[in-house]
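All chains are named by letter (A, B, ...) in the order of the sequence lines, taking the proteins before the strands, and each is independently numbered beginning at 1. Note: hydrogens, waters and symmetry copies are ignored here, and every other heavy atom, side chains too, is used.
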2 protein chains.
Amino acid sequence: MYLEKRGREEMENLAESIINGMEAEGLRITVQRKLIAELFSSSRGFVLPRQVHTHISRHIPGVSYDTVYRNLRLLVQINLIEQFDFPDGVRFKLRCGPDHHHHHFICQSCHMTYPLDFCPVDHGIDPPDGFVIRSHKFEIYGLCGDCSRKPKED
Amino acid sequence: MYLEKRGREEMENLAESIINGMEAEGLRITVQRKLIAELFSSSRGFVLPRQVHTHISRHIPGVSYDTVYRNLRLLVQINLIEQFDFPDGVRFKLRCGPDHHHHHFICQSCHMTYPLDFCPVDHGIDPPDGFVIRSHKFEIYGLCGDCSRKPKED
DNA sequence: CTATGTGCAAAAAGTTTGCACTTTT
DNA sequence: AAAAGTGCAAACTTTTTGCACATAG
C-alpha cells in the first residue's frame, strides 16, 4: 500500500538529509534551498521546474527562476535528485537511496513513482559485437490506482 | 555484424516506403519531404532537428526550420518515425517495422541503434495495487564497437 | 484550379548568463 | 570580512504560430 504523502516525521528526516548532503558538499544553506529540500522530501513523484518555483514563491514571493534552475542543476550534479525527460518537459525527483538498484512504475497522471525491483540487465542481455554498456533505462508507465479510478488529475 | 550505412538498394526501398506511407495519409510529396525521407532511410541512428535542417539545406539552401519541425511532428503522428529525448535534445529515427516488439542498444557517441529482443515486460512484472500499465521504456546505452575503439566521434 | 505546404517573421516557452547586491559562514 | 548565493534583465535555444505566396495533385 502506498501513501499519497510521506508522514511528517519521515519527511522531516528526508529534508534534513538533503540539507546534510548539501552541507557535505560545502554548499550554503539558504532559505531557498531549505524550501527546495522540503519540497522534494514531501513529494514522492516528479516535479516540473515551474512547480518548484511555485512552491518557493509561496514563501518567498519574488524568487527568480534562475535560482530554481541553478539549484536544480546543482542538486543533480551532487546526485541528490534525478532528472527525467517527460513529454511535457524535464522533471525532477529525489534520488532513491543507494540501498539497492531498482527501476520505477511511473503514473502518467500524477507523476508519482513506485519501485520496481526487476532489473532486465541481470537477465542475459547479449550486446552487439564490441558494444560497451554504460547505463540503461527501464520504466513502466501507466496510471496508479488512485488515478485510474478518478482519471485526469495533476 | 552491423553496417555503418545501409546499402544503396535497401536505402532506396526504405525511402520509397516512407514516401508511400506519406502518400497513404494523403500528404503531398514535396522536395523537402523527399529529402527528409532520404535522410531517415540512410541513417540507422537518431538525428537532431538541426541535423535534419542541415541535410535539407544542402539541397534547398533556404529551408526554414518550421518546415523541418512541422514535418517531423507530422511523421511522428503518422507513426513513420519515433521521437526520443536525449540529454542534448530531442532526436528522431525511422520507426522499426511492426514485425516484432523490440528495444534498443543506443550508442551515446554516434547515436546508432541496435535491436535488443529481450523485453522485460514479459518476465513476471508485478505492478503496485491498481496500477494500469500503458507503456514501457527499456534502452541500454553505451558505446558501439566503432566508437569504443575510437571514442569522441559524432 | 484548389488544397496543401512552404517561407517569413515574430512570438512563445524554457533555460542560461553577467553583474551588482545580499546573505551565509 | 570573505565567499557564495540571489535577483534582475537580457540573451539564447528550441519550437510554434499566422499569414501571404508557391506548388502538388
Enquirer: Sequence neighbours excluded, which residues qualify as salt bridge (Lys or Arg N to Asp or Glu O under 4.0 Å) partners of A/R70?
Expert: A/D66
Enquirer: Side chains of A/K34 and A/I29, heavy atoms from C-beta outward: is any pair under 4.5 Å?
Expert: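 SC-SC contact between A/K34 and A/I29 confirmed.
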Enquirer: If I compare all heavy atoms of A/I125 with all of A/V121, which pair ends up nearest, and what's the gap?
Expert: CG1-CA, 4.0 Å
Enquirer: At 10 degrees resolution, what angle do the end axes of the helix from C/dC1-D/dG25 to C/dT25-D/dA1 form when each is taken over five base pairs?
Expert: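 One end axis against the other gives 30°.
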Enquirer: Please answer whether the main-chain N or O of A/R44 pairs with a side-chain N or O of A/T113 as donor and acceptor at a distance below 3.5 Å.
Expert: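 Side chain of A/T113 to backbone of A/R44: a pair is present.
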Enquirer: Among all residues two or more places apart in sequence or in another chain, which pass the salt bridge (Lys or Arg N to Asp or Glu O under 4.0 Å) test with B/D88?
Expert: B/R91
Enquirer: Among residues at least two apart in sequence or on other chains, which ones pass ring-ring contact (aromatic ring centres under 6.0 Å, His included) with B/H53?
Expert: B/Y65
Enquirer: Can you list, by residue number, the residues of residues 16-28 of chain B that have a non-hydrogen atom closer than 4.0 angstrom to DNA chain C?
Expert: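 Residues of residues 16-28 of chain B that come under 4.0 Å of DNA chain C are, in numerical order, B/L27, B/R28.
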Enquirer: Below 4.0 angstrom, which residues in residues 29-39 of chain B have at least one non-hydrogen atom near DNA chain D?
Expert: B/I29
Enquirer: Could you tell me which non-hydrogen atom of B/L116 sits nearest to which non-hydrogen atom of B/H102, and how far apart they are?
Expert: O-CB, 3.6 Å
Enquirer: Please list, by residue number, the residues of residues 82-90 of chain B whose heavy atoms come closer than 4.0 Å to an atom of DNA chain C; answer none if no residue qualifies.
Expert: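 Within residues 82-90 of chain B, no residue comes under 4.0 Å of DNA chain C.
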Enquirer: Shortest non-hydrogen contact from B/F105 to B/P115?
Expert: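 Smallest interatomic distance, heavy atoms only, reads CD1-O, 3.8 Å.
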Enquirer: Do any side-chain atoms of residues 71-87 of chain B form donor-acceptor pairs under 3.5 angstrom with protein atoms, and if so which ones, sequence neighbours left out?
Expert:
from	atom 1	to	atom 2	distance (Å)
B/N71	OD1	B/R33	NE	2.7
B/N71	OD1	B/R33	NH2	3.2
B/N71	ND2	B/T67	O	3.0
B/N79	OD1	B/R95	NH1	2.8
B/E82	OE1	B/R95	NH2	3.4
B/E82	OE2	B/K93	NZ	3.2

Enquirer: Quick one, B/F40 with B/L14, criterion side chain to side chain contact (heavy atoms under 4.5 Å, CB included). Give me CA distance, side-chain angles, the key distance, then yes/no.
Expert: CA-CA 9 Å; B/F40 281 111; B/L14 264 177; over 6 Å; no
Enquirer: Using the ring-ring contact (aromatic ring centres under 6.0 Å, His included) criterion, which residues pair with A/H59? Sequence neighbours excluded.
Expert: A/H55
Enquirer: Tell me, with the steps shown, if A/H104 and A/C96 meet side chain to side chain contact (heavy atoms under 4.5 Å, CB included).
Expert: CA-CA 10 Å; A/H104 293 100; A/C96 302; 3.3 Å; yes
Enquirer: Do side-chain atoms of A/S41 reach the backbone of A/E38 as a donor and acceptor pair under 3.5 angstrom?
Expert: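 Pair found, side chain donor or acceptor close to backbone of A/E38.
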Enquirer: If you walk 5' to 3' along DNA chain D, what is the first nucleotide with an atom under 4.0 Å of a heavy atom in chain A, and what is the last?
Expert: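 First-to-last contact on DNA chain D, by the 4.0 Å heavy-atom rule, is D/dA3 to D/dA9.
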Enquirer: Quick check: closest heavy atoms across B/V68 and B/P49, and the distance to 0.1 Å?
Expert: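 Closest heavy-atom pair between B/V68 and B/P49: CG1-O, 3.8 Å.
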Enquirer: For DNA chain D, find the residues of residues 54-77 of chain A with a heavy-atom distance under 4.0 Å and give them by number; none if there aren't any.
Expert: A/G62, A/V63, A/S64, A/D66, A/T67, A/R70, A/N71
Enquirer: To the nearest 0.5 Å, tell me how far B/L35 CG sits from B/R58 CZ.
Expert: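 Here the interatomic distance stands at 10.5 Å.
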Enquirer: Return all side-chain donor-acceptor pairs below 3.5 angstrom for residues 130-143 of chain B, not counting sequence neighbours, or 'none' if the list is empty.
Expert:
from	atom 1	to	atom 2	distance (Å)
B/R134	NE	A/Q108	OE1	2.8
B/R134	NH2	A/Q108	OE1	2.8
B/H136	NE2	B/H101	NE2	3.3
B/H136	NE2	B/H103	NE2	3.2
B/E139	OE1	B/Y141	OH	2.6

Enquirer: When you measure from the side chain of A/S42 to the backbone N and O of A/L39, does any donor-acceptor pair fall under 3.5 Å?
Expert: yes
